[in-house]
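Inspection log for the structure reproduced underneath, given as structure tokens.
Note on naming: letters A, B, ... go to the chains in the order of the sequence lines (proteins, then strands), and numbering restarts at 1 for each one.
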Amino acid sequence: MAARRCHWSFIGLSSMLAALLSACSQTGPSLPRVLRVARSTSDPGGLNVDETVRSRRVIKQVQALVQEFDPGLHLHPSSFSEANLQREIARQTNSGLGPDLIITNGNSALALLHNKLTDPISLSAEERTQISSLALNRITTAEGQIAGLPVSQYVQLACYDKRRLPEPPESLDALAKASGKGKVFGLAMHLEDLYWTLGGFEATAALQMMLDRGSPSIENKRRLNAWLGWLQNASFQQNVLFLNNQVDLREQLIKGQLDWITCWSSQLPQLRTALKENLGVTTLPRGPVGKATPITRMQVWALGRNSSSRQRADSLRLLAFMVEPWAQKTLSLKYRTSFPINPKVMPIVQRQLATERHLDPAQLELGLTDKPSTHHGNALLSAISSDPRRMTEVGNVLNNVIFGTLNTKEASMALEQALAGAKP
Amino acid sequence: MSALPWLGAVTPGAIGEELLSWLVYLQRGSVLLQLVVVIGLPITMHRFRDRHLEPLRNHPNLQSLVGPLLLLLLSLVFSLLLQPSGLIRYFALLWLGWNLFTPLKTLLLHFNNTFPVEELESTFLKPVYVILSILSFIRLMGSLENLSRIPVANLFGVELSLGKIYTAIVAVYIILTVASRPASFLAWISGKVFGVKSQNRKGLELIFRYSVIGVGLLAVAYYVGIDGNAFIAIAGGLSVGIGFGIKEIISNFISSIWLLFEGSVRPGEILMINGDPCTVRNLGLRATQLRRGRDGAELLIPNQNFFTEEAISYTATETSRRDSVNVGAAYDHDPEQVVELLEAIATNHQQVLSYPPPQAFVTDFADSAVNYRLLFWVANPLQSFNVGSELRQAIWKRFEEKEITIPFPQRQVYPMEWPPSNQTSLRPQLQAEPNLEPRTEDEMD
């Protein structure tokens, strides 16, 4: 009896194996065409339910767009915090269960390729014309491999509550005066979030020289010290707060604990939902000697390593679609959180936004994406952030300046060591 | 899907969508190859077990580890060939972990054979292992963060994600299974510090346990996001529920809490149920579990019975019980001598309390004897039956020694003739029944 039972279980399990193998051989149209898409978010720690719901909704909206181009193709999104992205993708890829596409920022895309968790993308000359060459450079490795396809970009802006701050400051001086009158300003402590303030002191050249292991001129050093001095003075102000991350800034603006914050265009939907018509958005204030130099963040779509040939083909077709003018224009104008990466679409979107807002196109935030200072800042930050140890050391120096444990002269030397010393 | 939208709504669609998305993996050759190995190896091993595992026949613990270790080895081969092998390694480790329970149990019992390893395994280790396995599998499939944050229900305006519900269920299970430990510890501390008696300590332990569970459940509710307003809504709903459907349950629960505080029915107490002494074993939320001393039967009596009906307790304020032995002595003996003798017998018994002292009384001048009653106290009510028996034996022996007889009613029986020759009293009856034929003497014999 026992032998017969074993025999039947053997037959049952064998049938299961056969069914699995037959699933492999099926390539016909009966199986659904689903691409698993992993998306990283910059929210630290765990993601909350609201953010997940919003993220899923965005992906579903993109899917609705994709349906127009390929009705049979479905996207299945999953979200990971940026801190966990590498670990989770590594775990899944080692099991053959990795996503087909990974949507992340430029630095993470480069790191994923470096760790052999994604496949590089090859682009034809014609396809390259669809993407800003500067954006492509940011995502190209020293070996010439493209870590992912840039699809859109976000810019850094100033967001404020119109009820509490009717006139946003146009300069850092005005910001200091407003803070003296009781208005509360919030900044994030990371170099990426503070980079815009360097332009106001024309201190970016000094950083570039330090990174190149050159010695900055006396004038450049003076400008860098002036920037560090402003950073320290600002931190000593009662109404200028330096918080750990953008999420805290956003939450405190919504709660009314802050009146003005630096924000990214990707955060605008949450802020618009919470503050409605009271949300004010403007460009970042200029400094004593120059304009603000905000950088842009890219949204990059990278190819996972475990896709079947069919899934890979679908992924590549989707990527090609995402940078086409129609999709770029629709994504930018429909969701108003990102800006196109396709150089042909940029002027169209800019004109459209200017017409809607009755403004000169040059005054629009989209203009920020195409400024030389933005490109310079992007390149500089990419170079710094490509080495995690260097990024940490720079972050420590900034923390010490903000908390007052280093004076500007010491901080300048520490910054020089951090930038030059770690360079291979 | 929602019957009462203001109360709650359940939307499980996203979960199904997430689980269905796992089927996409079956379109990948690397995944299928790993599944073939994971399913194929156990089948092959099962098929050829008798032939190849013969040397390990006498070592079942080692035999159970062969399969998982082989699977691990195969995963190593896959990774050396630069092929995805995480699935094989995952299932191998899962299999190995499960099969390690038995050898570890044996090892533990080898060092300490009184350790409650079976209880630990079934109530804690295996459930925890299953929970962790489910979580790790979902994570492996790339859906842990997704699934945990999918809002699946809306309860009193609180958006409940799957992760929160899962964590809440696990937390409630742990609270219910582990709550007895800190409660026992607190009761033990109370016993040591305040000198609480062991019987009261058990009641205290239960009160602590319910407190730990109550606080734990409240904490879980707050973690889930159910705030004061939601509790008011729950209380409103419950009041209707109590009124209609769950009155008995709530009544029993409240009775149990009340009885605990009152201290009348606590574990260790001795109650008379239908004339039988019973020991309270456990005071549950719905019913009290008692052990009947007479036959060891377990009785489950709803708590509200103790709350609404009369119950005799021998341990509510003090534990001693008074019992009696009835005996008769012949009229020849001096009652004073008999009373003294009975009291002496009881006093000499070890389990009869010296205070209150045993007392004997003359209770009746009966037909054939003078009846006496010996009253005595015992410390443990459950012992009174045994003590009574021993006293009766002692009385019999001492009466023998003192030549005191225990008379019994005596009757003289005379055989009667039939039909009676010198009695006529039955004659009218016989005449009234003409069909009755007089029987012969043979028939009567």
- Among B:S30, B:P42, B:S21, the residue with the most heavy-atom pairs under 4.5 Å to chain A is B:S21
Report yes if some heavy atom in the side chain of [X] is under 4.5 Å from a heavy atom in the side chain of [Y]; otherwise report no.
{"X": "B:L71", "Y": "B:L96", "value": "no"}
{"X": "B:I131", "Y": "B:Y166", "value": "yes"}
{"X": "A:L318", "Y": "A:L75", "value": "yes"}
{"X": "A:Q86", "Y": "A:L112", "value": "yes"}

- Pairs of heavy atoms under 4.5 Å with chain B: top-ranked of A:H74, A:R305, A:Q92: A:Q92
- Item | Distance-minimising heavy-atom pair for B:M45 and B:V66 | CE-CG1, 4.0 Å
- Message: If you compare all heavy atoms of A:S315 against all heavy atoms of A:L303, which two are closest, and at what distance to 0.1 Å?
- Response: CB-CD2, 3.8 Å
- Item | Residue-level interface, residues 78-90 of chain B with chain A, non-hydrogen cut-off under 4.5 Å | B:P84, B:S85, B:G86, B:L87
- Name the orientation class of the two ring planes belonging to B:Y129 and B:F101 (parallel below 30°, tilted from 30 to 60°, perpendicular beyond 60°). perpendicular
- Query: chain A heavy atoms under 4.5 Å from B:V24: which part of the residue, side chain, backbone, both or neither?
  - Reply: both
- A:S309 versus chain B, heavy atoms under 4.5 Å apart: side chain, backbone, both or neither? neither
- Message: With side-chain hydrogen bond (donor to acceptor under 3.5 Å, both in side chains) as the criterion, how do A:Q311 and A:R36 come out once you've worked through the C-alpha distance, each side chain's angles and the decisive distance to 0.1 Å?
- Response: CA-CA 9 Å; A:Q311 288 164 341; A:R36 287 188 70 97; over 6 Å; no
